[in-house]
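Just so you know, these numbers use all the heavy atoms, side chains as well, and skip hydrogens, waters and symmetry mates. Chain letters run A, B, ... following the sequence lines, proteins first, then strands; residues in each count from 1.
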Amino acid sequence: MLQLGYIRENRDLVIERLGVKNFKDADKIISQVIEKDNKRRGLQMELDNLKAEANRLAKEVGMLFKEGRKEEAEQSKSKSVDLKSREKQLGAELAETERELKEMLLSIPNLPNAQVPRGTSAKDNEIVFQQGEIPSLYEGALEHWDLCARYDIIDFELGNKITGAGFPVYKGKGARLQRALINFFLDNAVRAGFREIQPPLMVNEASAMATGQLPDKEGQMYAIPLDGFYMIPTAEVPVTNIFRDTIQKMEDMPVCCCAYSQCFRREAGSYGKDVRGLNRLHQFDKVEIVCIDTPEHSYEQLEVMKSHVADLLRQLELPFRVLRLCGGDMSFTSAITYDFEVYSAAQKRWLEVSSVSNFETYQANRLKLRYKDEKGKIQLAHTLNGSALALPRIVAALLENHQTIEGIRIPKALQPYFGSEILD
RNA sequence: GGAAAGUUGGCAGAGUGGUCGAAUGCGGCGGUCUUGAAAACCGUUGAUCUUCACGGGUCCGGGGGUUCGAAUCCCUCACUUUCCGCCA
């Protein structure tokens, strides 16, 4: 949620920035917001004055009764009663205005950072970095879904039977590989200074609202209506909500956490070959990194997170590239997003394995996540997060890129975790 | 699932209808003393909206009600603790 004060003071800039995100009618909506806020302020002032008068009268009544001046007390009492109905009406009007204003603010996306390129879709994203050699595979190399069947490590059919499409069953060395990757990612994150968290996999409505998953217009979350819970689509939700309604100490910044969790996504509207094999699942594993930082330092922290992710991919010996997402391809809540993609050699396509973002104060405003600066002033913090990393597409790329006639070659850094140099 | 008791400031914990944003203790911050530190003593110390400012409003788990007036009484929801039941 954008801050009202900021919108009021930087009206034209806000409208211009929203344009980069292809937000329609920014001009009109911002005007409406300011108008609504003016109304709110007027009502608030009127109500405050009314309440001040009512408070004064109530005190007077108390005094008069104490002094035994009964008839004067009764007089003040009736005056007070008169105020009441007006007060009630104004209160209702103010509450309604506030509700409308909040609804409007919730419909406005975050402002993109100045570095964000204009654009409407993935084709307008900027490639800012690329590293690693695209492997040339031997004759008869297979795509990962065929490799999964050949080595009997990931069983999609079995998942269909037990649950449904998008819930694969990892078996034998496949399960072992999962466990190896999770530990490898977690160990690296902890070594880099991220504090390990094991969060709940279901969250309540307030949490889902605070990080922006609700209102869920696309129906992406699995819900448990009986208890009012939601299955988490990413560990970002429970971990960021640790800091909801808190005031952080300046000296504790940046606060850095990492968490392994399974993630649950309905992926409504997905179809076609993009969803084949491990490319898109309803349940998958991910290690997430989350940081809270000051506005002055958050972009430096974003670079720290990016290099952490890049380092993981290097260790896994996977060719990757980094994209700076254009305004049209970014998420609603993000100010800037870098996507990491690995090249999966048999499918011959780039697969997104991480998305690292700075949300600036947008999430923090909903979360009421603040910090005290050196002057003792309380202000909104910046929130950042990224995947480090999501497993399924990493597994897909590992299988495809490192396949040999003898089996799947396990990268050196992963061998201690997997317990072998080859998966066969 | 059943029963009971709770939810107050960073923490602990008073307060049961008026002057209570809230005693007291701890913690934090500033000071005196000290070469420095500790101890002791003194002072200070919540958030939020609105206003250029003075000031005013709101907040004692959430929501609603009673009353001229609610932290305090009533209703309701959520959560916590303890006991019982069930159980990885």
Using atom [atom1] of each nucleotide, how far apart are [N] and [M] to the nearest Å?
N	M	atom1	result
B:rG27	B:rG21	P	28 Å
B:rG30	B:rC20	C1'	27 Å
B:rC59	B:rC54	P	22 Å
B:rG13	B:rG6	P	14 Å
B:rC41	B:rC26	P	9 Å
B:rC60	B:rA5	P	23 Å
B:rU66	B:rA14	C1'	26 Å

May I ask which nucleotide in the shown strands pairs with [N], Watson-Crick or G-U wobble, both distances under 3.5 Å?
N	result
B:rC54	none
B:rC41	B:rG31
B:rC11	B:rG25
B:rG6	B:rC79
B:rU72	none

*Identify whether any heavy atom of A:K84 sits under 4.0 Å from a base atom; if not, whether one sits that close to sugar-phosphate; answer base, sugar-phosphate or nothing.*
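A:K84: base contact, heavy atoms under 4.0 Å.
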*Is A:K84 salt-bridged to A:E87, cutoff N-O under 4.0 Å?*
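Answer for the salt bridge query: no.
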_I'd like to know if A:E72 and A:K79 make a salt bridge, using a cut-off of under 4.0 Å between side-chain N and carboxylate O._
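No, A:E72 and A:K79 are not salt-bridged.
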_With nearest nucleotide decided by heavy atoms, which residue, A:S78 or A:I247, maps closer to the 5′ end of RNA chain B?_
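Result of the comparison: A:I247.
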*Relative to the 5' end of RNA chain B, which residue comes earlier, A:R370 or A:V61, by the nucleotide with the nearest heavy atom?*
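Taking each residue's closest nucleotide, the earlier one in sequence belongs to A:R370.
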Would [X] and [Y] count as having a side-chain donor-acceptor pair, cut-off 3.5 Å?
X	Y	value
A:E53	A:N49	no
A:R11	A:S31	yes
A:Y299	A:E360	yes

*asked:* Is it the case that the side chain of A:R393 and the backbone of A:E352 share a donor-acceptor pair, with hydrogens and angles ignored and the cut-off at 3.5 Å?
replied: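 Yes; at least one donor-acceptor contact below 3.5 Å.
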*Ignoring hydrogens and geometry, is there a side-chain-to-backbone donor-acceptor pair from A:R324 to A:E126 under 3.5 Å?*
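Not confirmed, A:R324 side chain does not pair with A:E126 backbone.
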Please enumerate all protein N or O atoms sitting under 3.5 Å from an N or O of nucleotides 49-57 of chain B, with distances to 0.1 Å.
residue	atom	partner	partner atom	Å
B:rC49	O3'	A:R40	NH2	3.1
B:rC49	O2'	A:Q44	OE1	3.2
B:rC49	O2'	A:Q44	NE2	3.4
B:rU50	OP1	A:R40	NH2	3.2
B:rU51	OP1	A:R41	NH1	3.0
B:rG56	N2	A:D48	OD2	3.0
B:rG57	OP1	A:N55	ND2	3.2
B:rG57	O2'	A:D48	OD1	2.8

